[in-house]
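Have a look at the structure below before the remarks.
First the proteins, then the strands, lettered A, B, ... as listed; each starts at 1. Because only heavy atoms are used, hydrogens play no part in the values below, and waters and symmetry mates are left out as well, while side chains stay in. What you see is a predicted model; the values in this text were computed from it and never measured.
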2 protein chains.
Amino acid sequence: MDLSLRQIRAFLAAAQTRSFTRAAESLHVAQPTLTVQIRRLEEALAVKLFDRNTRSVELTRIGRELLPVFQRMVHDLDAVVVDTHEIAAMRRGVVRVAALPTIAAGVLPDAIQSFRERHPGVTFVLKDVIASRVLGLVRSEEVDLGVTGGEVKGQDIDTVLEVRDRMHIVFPQGHAVGDLPRVTIETLAEVPLVLMDPATSVREIVDEAFLSAGRIAKPVCEATYMMTAIAMVRAGLGLTILPGSAREIAAEPTLRSRPIDMLAFSRPLRVIRKTGRSLPPLAEAFLDHLCGTLVEKG
Amino acid sequence: MDLSLRQIRAFLAAAQTRSFTRAAESLHVAQPTLTVQIRRLEEALAVKLFDRNTRSVELTRIGRELLPVFQRMVHDLDAVVVDTHEIAAMRRGVVRVAALPTIAAGVLPDAIQSFRERHPGVTFVLKDVIASRVLGLVRSEEVDLGVTGGEVKGQDIDTVLEVRDRMHIVFPQGHAVGDLPRVTIETLAEVPLVLMDPATSVREIVDEAFLSAGRIAKPVCEATYMMTAIAMVRAGLGLTILPGSAREIAAEPTLRSRPIDMLAFSRPLRVIRKTGRSLPPLAEAFLDHLCGTLVEKG
DNA sequence: TGCCAGTAATAGAGTTGAGCTATGGATCTC
DNA sequence: GAGATCCATAGCTCAACTCTATTACTGGCA
């Protein structure tokens, strides 16, 4: 006969109450049941745990030595059960997300904040990394979900949602662009532009869009960081083209932005997860919440 | 349904083999049994532990987090079982003894040594204390057994063995006492004696014995420590009376000793234990061994 | 595209064993 | 010495665990 947790619990109860009858009561079993449980445990361990007669129940020396060991064991186990129940009830949990920097600084904080209002026990681990790393982190399951652009190859990745992140034209308040009915490639080709560095994904999209339309941009200067491009627009050097999700635009009160009315001036934005892997309840819930937020804003 | 150790072991096996079939084999159960065990565990914890289809079995994130916890738990438990089995088989164990200093320095080390030859895994905790403390330590179960003199009051103490520690007359090699057929009170009353300090239990016995015989001792000087009394005998000041169990006598090669042929010149020596308390197997075995040794020597 | 091999899930039957009631036996109290 | 109290034992009942047989699903291969 193998030893069981019930036997260990019986041992703890008997050690605490120093009475089989009271121990049985506290465990809601009959007294003979407890007697047998203790005997089975003693048989499994091959040592006597209690010196007992009809008048007293006392731990033997070995029983005293085993008591704290078993106490810790049962305590740890109970803690695990409580823990998993909390996780299941979404009262507690860690959600790990990898996202492109633009997203991580833009829409994601908003989504996290509103999610935390409903689930105060949630903790987030957020990694802002480039597209290829987002994919890698999702693949290795180091994160629960990812928000990335570009193409997703491989069957081990599920695209939960795909929205388009439209490029915006950014201009100083009062600029003529603000009054146009639509912003098209024609407009863009006529104004001086502050473009992003050719190594950036934003520039790639812009170049591609101009190319496909057979037009040529009028670059006045280049910037590596969006914040720099914004500053140049503010300084009156020209206009710039940035993703609508970029937080940097709103950070500058004297500037305005409008979406560009052309599909090529947008990039795909994908919420991805690993195929066939279930996530902790809170992560699953946040995935829904994030998709909802993106659809709303998109 | 409560969670059980078998379920936890099933979880560990499945996590290790990443296959329900192989896990079932390693636990010597049928595959459906293991499937059910895992499902029950998941129900008890309210979380999914494996992402499984007919092609692969992988831990979920929560499963991965729980794995080391359960591993440690089962490991600890198995260690406890191994431990208690070793104790039961007397391959390991601690024996705690309290004894009068004379015993602790005399017969006890011999008994321990011969016992260790048969049981190499034994460890001893030895306390050399006065009679009243021996009793106290046995009573409080701080030691498994005690060796003490004097009276033992109270029903909570069992006298396992009682032998008499006979007083010896200690004399220089070649002294006339060595040639007498018997050493009696008459002999003692005629020779100059080095007596122990009145505060010692040895002196108490000697005084009592002389008193009951209506004789008077011829004290030439007093010593607090037996070693001092021995030194005085060696110096020729007189003879002394010490317990036969005293190691100090044998430590001096030029001296000899003989038992005194009178019951009053002896003290009771008791091996005691707490009534109704069982001891670890090795302690119980040593108790037997010690009693055997004492009977042999007495 | 469909078949085959391999694996987990399900269903139903049988058996083990855990718990309960009733009772016995021992010990302390009055 | 009688009664009360408490642990141990015995026999019964039933729940749950495990097994066999089978189904359902997935991925690889022709």
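- In this structure, B/Ser56 reaches neither bases nor backbone, as no heavy-atom distance under 4.0 Å exists between it and the strands shown.
- In this structure B/Phe286 satisfies the ring-ring contact (aromatic ring centres under 6.0 Å, His included) test together with B/Phe115, B/Phe124, sequence neighbours excluded.
- Counting any heavy atom pair closer than 4.0 Å across all strands shown, B/Val36 reaches no nucleic acid atom.
- Rounded to a whole Å, the CZ atom of B/Phe50 is 10 Å from the P atom of C/dA9.
- Shown here are the side chain to side chain contact (heavy atoms under 4.5 Å, CB included) partners of A/His85, two or more places apart in sequence or in another chain: A/Val81, B/Ala46.
- When distances are taken from the side chain of B/Arg52 to each of D/dC7, D/dT9, C/dA9, the shortest belongs to C/dA9.
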Per-nucleotide protein contact string for nucleotides 20-30 of chain D (B base, S sugar-phosphate only, - none; heavy atom under 4.0 Å):
BB---BBS---
Please table the atom pairs, donor to acceptor, closer than 3.5 Å between any side-chain atom in residues 62-71 of chain A and protein atoms at least two apart or in another chain.
unit_1: A/Glu65; atom_1: OE2; unit_2: A/Arg61; atom_2: NE; d: 3.4

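- The nearest whole Å value for the distance from the CZ atom in A/Arg18 to the P atom in D/dC7 is 12 Å.
- Residues passing the side-chain hydrogen bond (donor to acceptor under 3.5 Å, both in side chains) test with B/Asn53: none are found, sequence neighbours excluded.
- Put simply, the side chain of B/Asp51 gets close to the backbone of A/Ser278: a donor and an acceptor are under 3.5 Å apart.
- Put simply, A/Arg40 has no side-chain N or O that comes within less than 4.0 Å of OP1 or OP2 on C/dG17.
- Pairs passing the ring pair (Phe, Tyr, Trp, His ring centres under 6.0 Å) check and including a residue from residues 27-67 of chain B, sequence neighbours excluded, read B/Phe11-B/Phe50, B/Phe20-B/Phe50.
- Among the nucleotides D/dT18, C/dA8, D/dC7, the one closest to the side chain of B/Arg6 is D/dT18.
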